[in-house]
Amino acid sequence: MAVSLLLLAVFVAPGAHASDETNPIRAVVGAGVSQGTALGSPWAPRTSYSVSLWGLWEAGQGLGGRLTLLPQATSSAAWELSTDAVARFTGEGPLYFKAIGGVAVTPRSLWPPRLRAGGEVGVHAIRGGIGLEMGLGGVYAFPPSQPAHGEGVVSLGVGILFGFGSPSRSRVLAPSQRPWAQQSALSPAGAFQPQGASPSSAAEVRTAGLSPAPSEVVHVPSSERDVIQQILLLRKPGDVLSWWASGPGENIKHWTHPLSEWEYKYVEAMSSATVPEPVRMWPLVTPERLTPEQTEDMQWLVGTGATAAEGYAHWENRRRIVKHYVMTHPATLQLSLGLYGLARDSNPLFFALERGWQMGSGQEMFTAREVSKLGAAQEFFTALAVGVAAGKLMSATRPVPGWGVPARVEPVGPGKVKAPPAPPKAAAPAPEPSPPAPKPAPTPAPPPPASAPLAPSPELVQALTGKNPTPQVPAGPRLRQDVTVKPKAPDLLPLERPISPRPSQNAQLQRDIKYLDELGATNVRVNQQQLTTRNDQRVGINRPDLQFDYNGRRYHVEYDSPTSGRGPAHQSRLTANDPEAEIIRIIIPEPRDVTQ
């Protein structure tokens with residue numbers, strides 16, 4: 001159960017702390033009713049009633065206690081009273097999960113009580129000071145001395161929660177807001193007051209080592225074209241990243257205007273030497289300091305020239321602001337640490353080493369975060385106990401060799417001795433059947449003809465002599481993914497790559513490659529993205545079966561079967577990407593069944 005709580009906390013905690021606002025804890029009272037039945041027994045649902053007291057945050061996650069009463073269903077059944085500690089986990093959606101652990105007593109066995117462990121999953125709706133939840137739960141109750149002799153119960157229930165409108169004085173830990181973020185809490189536009197040209201603005205820009213134009217020094221941010229404004233409006237790193245991917249990440253030219261004063265201040269503050277290096281932002285990008293990779297990216301995205309370089313620098317700086325905000329946000333860091341802990345504790349050896357280190361030093365081994373030595377010891381011995389109990393449970397339920405249904409024995413009356421079985425009666429020998437007439441020997445099948453060595457494809461041979469037998473098809477419009485692909489050619493892959501699950505096509509391909517090698521063809525590629533002869537330029541992400549250069553011309557070959565109709569479409573796309581290339585379609589007959 002402790003391991004389950006740890007794993008659930010890893011996935012739910014980032015959603016709970018994604019907001020910069022403090023989150024009040026609320027005292028909540030819940031009442032529920034459910035119907036459940038024991039597993040492995042005849043269907044006999046019983047109704048139970050529960051009352052719970054919670055300390056929940058506004059999203060609905062928190063801790064609490066629950067008291068459940070299972071009344072008598074019949075005169076022979078006994079009532080049951082259980083007390084449970086419950087941890088409630090929720091995300092941003094309507095789903096919730098409860099981890100349950102407690103004890104249960106009945107009039108027949110007040111001591112020792114039965115232990116209970118289980119969980120519940122369901123959906124909830126919270127509006128103001130009231131909430132409604134409905135879920136499916138499962139609990140396993142067992143005696144402490146005999147964990148394998150327990151009983152599992154599955155139940156379906158509904159509950160009502162009261163008290164969400166009454167926050168308490170205690171607050172969860174949350175990162176403090178920046179002053180300018182607090183100023184814009186109610187009205188994000190209030191953080192950006194229109195400012196005129198002033199010497200202080202120019203001085204701040206010069207301090208960062210920049211030489212902006214006068215129009216760049218004083219640029220009042222707008223709600224639609226300012227990254228800091230959007231961050232203040234969205235706040236959560238996932239929402240900011242989604243906005244960037246669907247907006248500025250695609251509409252680049254709309255975001256090449258000069259940076260606003262607040263965007264300059266963000267870059268200046270976060271790239272300062274006083275910021276710790278792990279969370280420090282990269283320095284500001286200027287047109288004079290573009291790297292070769294950035295220059296190539298600029299030419300592909302916005303074009304060439306001084307104006308394009310300046311606009312690309314502004315867009316790249318905004319991209320870095322978004323990336324820095326998302327990657328250094330406390331929710332992102334919490335998620336990264338949670339995934340690291342999940343991967344670390346999934347391995348039993350690493351789990352044991354980590355808990356041993358924590359028990360000795362009071363810190364995590366690599367992150368150096370302070371942890372409780374007692375808590376680390378509790379997790380270690382809990383995992384050890386769960387492993388031992390699981391091993392004994394598997395041993396107890398393993399079938400014993402030789403078990404089976406015993407043979408049926410007829411009852412014998414008192415004073416009687418069971419007579420030995422009577423010997424079988426002798427039967428008259430049956431007449432020996434006459435030997436069957438010999439069947440005629442089957443006519444031997446003729447031996448299969450010896451396979452002749454493969455020859456180069458006739459279509460390929462004719463096309464290289466200037467008489468391409470492949471009928472030409474009109475070129476369709478180029479696809480967007482082919483137009484936007486980067487022209488740099490990918491690395492050459494092995495020529496032995498397959499092009500089809502049919503061995504006949506792969507064998508013919510290798511024979512044609514050998515033929516091209518004898519002719520002196522160059523730049524031969526198999527099942528790779530389409531290139532042209534112009535500087536080895538990539539023109540599409542489609543992958544011809546075979547492509548090569550011969551006598552200053554590019555050839556693309558598609559191998560197809562008689563029953564496939566995809567050949568013309570492939571030929572049309574190849575022609576659209578490179579109208580000067582020669583397209584060859586080769587039909588490989590499908591092998592016939594030799595038994596027919």
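Everything quoted here is computed from the prediction, not taken from an experiment.
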Which donor-acceptor pairs under 3.5 Å do side chains of residues 487-498 form with protein atoms, sequence neighbours excluded?
{"from": "R497", "atom 1": "NH1", "to": "V526", "atom 2": "O", "distance (Å)": "3.3"}
{"from": "R497", "atom 1": "NH1", "to": "N527", "atom 2": "O", "distance (Å)": "2.7"}

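- In this structure, L95 and V121 have side chains that are not in contact, with every pair of non-hydrogen atoms separated by 4.5 Å or more.
- The CD atom of Q510 lies 9.5 Å from the CG atom of L546; values are rounded to the nearest 0.5 Å.
- Of the N and O atoms on the side chains of H257 and R318, at least one donor lies less than 3.5 Å from an acceptor on the other residue.
- Side-chain contact annotation: Q547 with R554, donor-acceptor N/O pair under 3.5 Å present.
- Of the possible donor and acceptor atoms, one in the side chain of S336 sits under 3.5 Å from a partner among the backbone N and O of T332.
- Using a cutoff of 4.0 Å between basic side-chain nitrogens and carboxylate oxygens, R585 and E558 are not scored as salt-bridged.
- Considering only heavy atoms from C-beta on, P544 comes within 4.5 Å of L574 through its side chain.
- Of the N and O atoms on the side chains of Q299 and T304, not one donor lies less than 3.5 Å from an acceptor on the other residue.
- Taking both residues in full, the closest heavy atoms of P456 and V461 are given as CB-CG2, 4.0 Å, listed atom of the first, atom of the second, then distance.
- Of all heavy-atom pairs spanning I499 and Y559, the tightest one is CD1-CD1, 3.6 Å.
- With rounding to the nearest 0.5 Å, the separation of CD in E316 from CD1 in I252 is 10.0 Å.
- Residues V227 and W244 have side chains in contact (heavy-atom distance under 4.5 Å, counting atoms from C-beta outward).
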- Query: Between R480 and V483, is a side chain to side chain contact (heavy atoms under 4.5 Å, CB included) present by the stated rule, with each step listed?
  - Reply: CA-CA 5 Å; R480 182 175 181 273; V483 176; 5.7 Å; no
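- Atom OG1 of T90 and atom CD of Q61 lie 4.0 Å apart (nearest 0.5 Å).
- Under the 4.5 Å side-chain criterion, counting only non-hydrogen atoms from C-beta, Y340 is in contact with R344.
- Using a 4.0 Å cut-off between charged nitrogen and carboxylate oxygen, R88 and E133 count as a salt-bridge pair.
- Proximity of a side-chain donor or acceptor of S500 to a complementary backbone N or O of R502 within less than 3.5 Å is detected.
- Between the side chains of Y96 and E120, a donor-acceptor pair is found at a separation under 3.5 Å.
- H556 and F548 have their aromatic ring centers separated by at least 6.0 angstrom.
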- Message: With side chain to side chain contact (heavy atoms under 4.5 Å, CB included) as the criterion, how do Q230 and L233 come out once you've worked through the C-alpha distance, each side chain's angles and the decisive distance to 0.1 Å?
- Response: CA-CA 5 Å; Q230 293 297 329; L233 292 172; 4.3 Å; yes
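- When side chains are defined from C-beta on, I586 counts as touching D512, because their heavy atoms get closer than 4.5 Å.
- In this structure, CG in L460 is found 9.5 Å from OH in Y555, a value given to the nearest 0.5 Å.
- Proximity of a side-chain donor or acceptor of D482 to a complementary backbone N or O of V539 within less than 3.5 Å is not detected.
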- Message: Applying side-chain hydrogen bond (donor to acceptor under 3.5 Å, both in side chains) to Q508 and S457, what does each step give before you reach the verdict?
- Response: CA-CA 7 Å; Q508 187 63 53; S457 301; 3.1 Å; yes
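- Inter-residue side-chain proximity for P248 and R319 is flagged as unmet; no heavy-atom pair is nearer than 4.5 Å.
- Taking both residues in full, the closest heavy atoms of A463 and I584 are given as CB-CD1, 3.4 Å, listed atom of the first, atom of the second, then distance.
- A donor-acceptor pair is defined here as one N or O able to donate and one able to accept, closer than 3.5 Å; no such pair exists between the side chain of Q505 and the backbone of I587.
- Between I228 and E263 the shortest heavy-atom distance is CG1-CG, 3.8 Å.
- I541 and Q529 get closest at one heavy-atom pair: O-CG, 3.6 Å.
- Judged by distance alone, the side chain of T291 and the main-chain N or O of Q294 form a donor-acceptor pair under 3.5 Å.
- For the residue pair T532/E580, the side-chain donor-acceptor check at 3.5 Å is not satisfied.
- More than 12 heavy atoms of other residues, nucleotides or ligands shown are found within 6.0 angstrom of CZ on R553.
- The aromatic rings of H329 and Y325 sit perpendicular to each other, their planes meeting at more than 60°, with 30° as the lower class boundary.
- Side-chain contact check for Y266 versus M281: some heavy-atom pair is nearer than 4.5 Å.
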- Go through M270 and R280 one step at a time and tell me if the side chain to side chain contact (heavy atoms under 4.5 Å, CB included) criterion holds. CA-CA 6 Å; M270 294 304 173; R280 187 184 305 165; over 6 Å; no
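- Although no hydrogens or angles enter the test, the distance criterion places no donor-acceptor pair under 3.5 Å between the side chain of R538 and the main chain of L531.
- Counting only distance, with no hydrogens or angles, the side chain of D549 and the backbone of G552 share no donor-acceptor pair below 3.5 Å.
- Side-chain contact check for E582 and N468: at least one donor-acceptor pair (N or O, by modelled atom type) lies under 3.5 Å.
- Within a 6.0 Å sphere centred on CH2 of W282, other residues, nucleotides and ligands contribute 12 heavy atoms or fewer.
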- Task: I would like to know whether Q528 and R543 meet side chain to side chain contact (heavy atoms under 4.5 Å, CB included); could you show each step before the answer?
- Result: CA-CA 5 Å; Q528 287 194 255; R543 298 182 298 177; 5.5 Å; no
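- Not one N or O on the side chain of R573 forms a donor-acceptor pair closer than 3.5 Å with the backbone of G540.
- The structure places CG of L335 at 10.5 Å from CG of L342, a figure rounded to the nearest 0.5 Å.
- Every residue two or more places apart in sequence or in another chain that forms a side-chain contact (heavy atoms from CB on, under 4.5 Å) with A313 is listed here: V285, P287.
- Within the 4.5 Å cutoff, the side chain of R525 has heavy atoms near those of the N523 side chain.
- Atom CZ of F350 has 12 or fewer heavy atoms from other residues, nucleotides or ligands within 6.0 Å.
- When atom types are taken as modelled, the side chain of S572 and the backbone of A475 share no donor-acceptor pair closer than 3.5 angstrom.
- L509 CG to K514 NZ: the interatomic distance, rounded to the nearest 0.5 Å, is 14.0 Å.
- When all heavy atoms of A383 and F351 are compared, the closest pair comes out as CB-CE2, 3.6 Å.
- Side chain of T328 to backbone of V279: no donor-acceptor contact under 3.5 angstrom is found.
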